[in-house]
Chemist: 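Sharing a structure here in structure tokens format.
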There are 2 protein chains.
Amino acid sequence: MTAESSALTKNQEMVLGALSQAKGPMSAYAILDELRQEGFRAPPQVYRALEKLMKNGLVHRLESLNAFVACSHGACHSTGLVAFAICDQCGLVSEFSDEAVTNSLTNWIAKNQFSNTKTTIEIRGDCAACAAA
Amino acid sequence: MTAESSALTKNQEMVLGALSQAKGPMSAYAILDELRQEGFRAPPQVYRALEKLMKNGLVHRLESLNAFVACSHGACHSTGLVAFAICDQCGLVSEFSDEAVTNSLTNWIAKNQFSNTKTTIEIRGDCAACAAA
DNA sequence: CTGCGGACGTTATAATATAACAACGAGCCG
DNA sequence: CGGCTCGTTGTTATATTATAACGTCCGCAG
């Protein structure tokens, strides 16, 4: 508890591990199924871990899929505007943070006196590789 | 059948009516409950209507809420990037389409050769009125 | 020791969404 | 007319996603 956002518990480690090894996003129940062999029995174990991991910026939720991914950067330092490009064919998720996008959006928010707490930006489509195929 | 995206059926009209009169977003089940008095009995009736209405741009889905709103513009003509600011206190949803945001995002998409089909932009927070209160 | 708080395990249930099939009706074409 | 096809509808059942509620365990401050 000295500096960081406190260490992860065993369950949180396992959930993060499952997400990190996955090549794409996973639903909470997919995580649960994978971790049953490690002793997981019920959804709350997964959801509780995810909640903490998201609070720490280690995991992101993809709203348009109801699924979760490990943060590509190890940990997002919570405040920035993060966006995702999601390939509907291969499931590839590209996490990015584009300055122009962030500026234009924060600009709108300021102009409209909106007090922002969380922003979701998700682009669905086909990645370069799949579009070519 | 002549020009438009074909007329709405009775169920579609009713669902659109419910959404239009609502002051905020509604879940599919909230719509169902409201339309039970008009004869609706089961979820597929609502979901089928919503599917068509969304295809026609008359209704939008808010991914971060699993809820739906009528398009503020009557009908979005599909192509623009539409964004939503959602007040977590009063439920107000502001639909907007900002040129700077659209440009910066389509720019990223082009640069990364991503073949976009659908984009979700949702800002959660407090609207000016609620933030002031 | 004792009480407190946080993580954990467990059961149950809520909320959201879709699959699958039967019935109906409008239009077409023999 | 009669039969066909096609799209909408109604209906039942079930899948998927998420949370409420409660009890246990354990480390630690007092």
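A note on names: the letters A, B, ... follow the listed sequences, proteins ahead of strands, and every chain is numbered from 1.
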Chemist: Salt-bridged, A/K118 to A/E63, with N to O below 4.0 Å?
Modeler: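 Salt bridge: yes.
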
Chemist: Do B/N66 and B/Y29 have side chains that approach each other closer than 4.5 Å (heavy atoms only, starting at C-beta)?
Modeler: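 Side-chain contact under 4.5 Å: no.
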
Chemist: Contact between B/R61 and B/F68 at the side-chain level, heavy atoms closer than 4.5 Å - yes or no?
Modeler: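 A side-chain contact exists here, since the closest heavy-atom pair is under 4.5 Å.
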
Chemist: Are any of the side-chain heavy atoms of A/N11 and A/R48 separated by less than 4.5 Å?
Modeler: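 No; the side chains remain at least 4.5 Å from each other.
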
Chemist: Measure the distance from NZ on A/K52 to C1' on C/dA7 and round it to the nearest whole Å.
Modeler: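 So the NZ-C1' distance, A/K52 to C/dA7, works out to 9 Å.
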
Chemist: Can you check whether B/N66 has a side-chain N or O nearer than 4.0 Å to OP1 or OP2 of C/dA15?
Modeler: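 No, outside the criterion.
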
Chemist: More than 12 heavy atoms of other residues, nucleotides or ligands under 6.0 Å from CZ of A/R36: is that the case?
Modeler: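 Buried by this count: over 12 neighbours within 6.0 Å.
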
Chemist: Parallel, tilted or perpendicular: which describes the rings of A/W108 and A/F114, with under 30° parallel and over 60° perpendicular?
Modeler: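 Judged by the thresholds at 30° and 60°, the geometry between A/W108 and A/F114 is tilted.
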
Chemist: Check whether any side-chain heavy atom of A/L8 lies under 4.5 Å from a side-chain heavy atom of A/L58, and answer yes or no.
Modeler: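 Yes - at least one pair of side-chain heavy atoms lies under 4.5 Å apart.
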
Chemist: A/Y47 OH to C/dA14 P: how many Å, rounded?
Modeler: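 Computing the A/Y47:OH to C/dA14:P distance gives 17 Å.
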
Chemist: Separation of A/L8 atom CG from C/dC8 atom C1', in whole Å?
Modeler: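 To the nearest whole Å, that distance equals 16 Å.
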
Chemist: Nearest heavy atom decides the nucleotide; on that basis, is A/R48 or A/L65 closer to the 5' end of DNA chain D?
Modeler: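 Its nucleotide being nearer the 5' end, the pick is A/L65.
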
Chemist: Tell me, do A/Q89 and A/C127 make a side-chain contact under 4.5 Å, heavy atoms counted?
Modeler: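 Side-chain contact under 4.5 Å: no.
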
Chemist: Just the rounded figure in Å: distance from C1' of C/dT16 to CD of A/E63.
Modeler: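 Going from A/E63 (CD) to C/dT16 (C1'), I get 14 Å.
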
Chemist: Does any residue of residues 35-44 of chain A have a heavy atom under 4.0 Å from DNA chain C, and if so, which ones, in number order?
Modeler: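 Listed by number, they are A/R41, A/A42, A/P44.
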
Chemist: Taking side chain as C-beta onward, heavy atoms only, is B/E34 less than 4.5 Å from B/I31?
Modeler: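 With C-beta onward as the side chain, the pair stays apart.
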
Chemist: Is A/V69 close to A/L19 at the side-chain level, that is, under 4.5 Å between some pair of heavy atoms?
Modeler: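 They are not in contact (no side-chain heavy atoms under 4.5 Å apart), so the answer is no.
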
Chemist: Does the pair B/L105 and B/L81 meet the rule for a side-chain contact (heavy atoms from CB on, under 4.5 Å), with working shown?
Modeler: CA-CA 9 Å; B/L105 215 36; B/L81 288 198; 3.9 Å; yes

Chemist: Strictly below 4.0 Å, heavy-atom distances to any atom of DNA chain C: list the hits from residues 9-31 of chain B, or just say none.
Modeler: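 Contacts with DNA chain C under 4.0 Å: B/S27, B/Y29.
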
Chemist: Identify the 5'-most and 3'-most nucleotides of DNA chain D with at least one atom closer than 4.0 Å to a non-hydrogen atom of chain B.
Modeler: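 Extent of the interface on DNA chain D: D/dT8 to D/dT12.
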
Chemist: Would one find a side-chain N or O of A/Q45 under 4.0 angstrom from OP1 or OP2 of C/dG9?
Modeler: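 Looking at the OP1 and OP2 atoms of C/dG9, one of them is under 4.0 Å from a side-chain N or O of A/Q45.
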
